[in-house]
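Each remark here refers to the structure printed beneath this line.
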Amino acid sequence: MKKATNTTKLGLSEMLKGGVIMDVVNAEQAKIAEDAGACAVMALERVPAQIRAEGGVSRASDPAMIQSIQKAVSIPVMAKCRIGHFAEARILEALGVDFIDESEVLTMADEEFHIEKASFRVPFVCGCRDLGEALRRITEGASLLRTKGEAGTGDVVEAVRHLRKLRSQIRRITVLEHDELVAEGKTLGAPYELLVKIKETGKLPVPNFAAGGIATPADAALCMALGAEALFVGSGIFLSEDAPKRARAIVTAATYWQDPAKLAEISTGLGQPMRSVQVATLPSNERFAARGM
Ligand SMILES: O=C(CO)[C@H](O)[C@H](O)COP(=O)(O)O
């Protein structure tokens, strides 16, 4: 059987649906995530709120740290590389990570080009704010998307904005005539063939998860209700007062997002959420979501 085809890469994305992928910075956090029911972990040297607070250049993590996480858990291990940094991506691939996140949370390495992802054996996830960005990443070979939100803030407002925008743009595609799709492709910077696929199916050709600013079980439920098929959560868990408890609650919320009584039960007594920042107060040069086009 052929390995690392588009179908096998997409299969991995499909398997994560309904779950929560948690950012972790060491093996101990990875164990907490696994015990809480995370469907995968994302290894990175600092969670986004720490990156935001400390500034400087953030890069792919030390291989030793990634390997210690791979040893500690049996769930898939993802890791981040900088946008456009194909050398970091090749190193992560050599380490045998299960997914690479070409992430705006790290400092950009290339302000013009994203990684050509189709030639890698490992699948990639990328962030998007709208349909054009989503389709450009798919064209480059991404097997999974996540709306960007504004990572490291604890403010879910951008995740909501991006999910709603994507959903309404997809709806619009389904009612366009074929000649209108050609013009729309030019506006979005996306291939006509992908727009035809969306018109026929009413959805993206790869799964779309939500990320950035999810801090409570209610935030998780809101994103699922707006069409996210799974969730990435980082700072909201490991910078809160009781990470194991909040991690479990957010995993449960991703499953029971349509059950307000269950959500009330699991939202009770979680301790303090992470220290949050209102996105509206952030200057534009401090917005991670604006990195990459
Ligand atoms: O970049 C990511 C997705 O791969 C992070 O996991 C996600 O955005 C975390 O954001 P936050 O810290 O706000 O939960």
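Start at 1 and go down the list; that is how both ligands and their atoms are numbered. Only this structure's heavy atoms are used, side chains among them; waters, hydrogens and symmetry mates stay out. In this chain, residues are counted from 1 in sequence order.
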Subject >> Residue G213 vicinity, atoms of ligand 1 by number, heavy atom under 4.0 Å >> reply: 11 (P), 13 (O)
Original post:
About how many Å separate CD1 of I138 and CG of L145, when rounded to the nearest 0.5 Å?
Top reply: 4.5 Å
Original post:
Is there a donor-acceptor contact under 3.5 Å from the side chain of R82 to the main chain of A89?
Top reply: no
**OP:** Indicate whether the side chain of S58 and that of E45 have a donor and an acceptor atom separated by less than 3.5 Å.
**Re:** no
**OP:** Would you mind telling me if ligand 1 is within reach of the side chain of K80, the backbone, both or neither, using heavy atoms under 4.0 Å?
**Re:** side chain
**OP:** Determine whether the side chain, the backbone, both or neither of S103 has a heavy atom under 4.0 Å from any heavy atom of ligand 1.
**Re:** side chain
**OP:** Find all atoms of ligand 1 within a distance of less than 4.0 Å from any non-hydrogen atom belonging to G234, and give their numbers and elements.
**Re:** 9 (C), 11 (P), 12 (O), 14 (O)
**OP:** Return yes if some donor-acceptor pair links the side-chain N/O of E229 with the main-chain N/O of N208 below 3.5 Å, else return no.
**Re:** yes
Original post:
For ligand 1, which atoms have a heavy atom of V105 less than 4.0 angstrom away?
Top reply: 1 (O)
Original post:
Starting from atom 4 (O) of ligand 1, which protein heavy atom do you reach first, and at what distance in Å?
Top reply: D101 OD2, 2.3 Å
Original post:
For ligand 1, which atoms have a heavy atom of F232 less than 4.0 angstrom away?
Top reply: 3 (C), 4 (O), 6 (O)
Original post:
Looking only at distance, does G152 have an N or O less than 3.5 Å from an N or O of ligand 1?
Top reply: yes
Subject >> Verdict with reasoning, K148 to E158, per salt bridge (Lys or Arg N to Asp or Glu O under 4.0 Å) >> reply: CA-CA 8 Å; K148 287 177 174 173; E158 292 300 298; over 6 Å; no
Subject >> Smallest separation among heavy atoms of L135 and T139, with atom names >> reply: O-OG1, 2.7 Å
Original post:
Which heavy atom of A211 sits nearest a heavy atom of A159, and at what distance?
Top reply: O-CB, 3.7 Å
Original post:
Based purely on interatomic distance, does E150 place a nitrogen or oxygen under 3.5 Å from a nitrogen or oxygen of ligand 1?
Top reply: no
**OP:** With heavy atoms of S235 as the reference, note each atom of ligand 1 found under 4.0 Å away.
**Re:** 11 (P), 12 (O), 14 (O)
Original post:
Which atoms from ligand 1 have a heavy atom of V233 less than 4.0 Å away?
Top reply: 14 (O)
Subject >> Protein heavy-atom partner closest to atom 10 (O) of ligand 1 - residue, atom, separation in Å >> reply: A151 CB, 3.4 Å
**OP:** Ignoring hydrogens and angles, state whether a donor on the side chain of T268 or E265 is under 3.5 Å from an acceptor on the partner side chain.
**Re:** no
**OP:** Could you tell me which atoms of ligand 1, counted from 1 in the order shown, lie closer than 4.0 angstrom to a heavy atom of D23?
**Re:** 5 (C), 6 (O), 9 (C)
Original post:
Hey, is M42 touching ligand 1 through its side chain, its backbone, both or neither, going by heavy atoms under 4.0 Å?
Top reply: side chain
**OP:** Mark yes or no for whether E104, through its side chain, and R291, through its backbone, hold a donor-acceptor pair below 3.5 Å.
**Re:** no
**OP:** Mind checking whether R146 contacts ligand 1 via backbone (N, CA, C, O), side chain (CB onward), both or neither, at a 4.0 Å heavy-atom cut-off?
**Re:** side chain
Original post:
Hey, which atoms in ligand 1 end up nearer than 4.0 Å to a heavy atom of P48?
Top reply: 9 (C), 10 (O), 12 (O)
**OP:** Verify the neighbour count for atom CD of E111: are there more than 12 heavy atoms of other residues, nucleotides or ligands below 6.0 Å?
**Re:** no
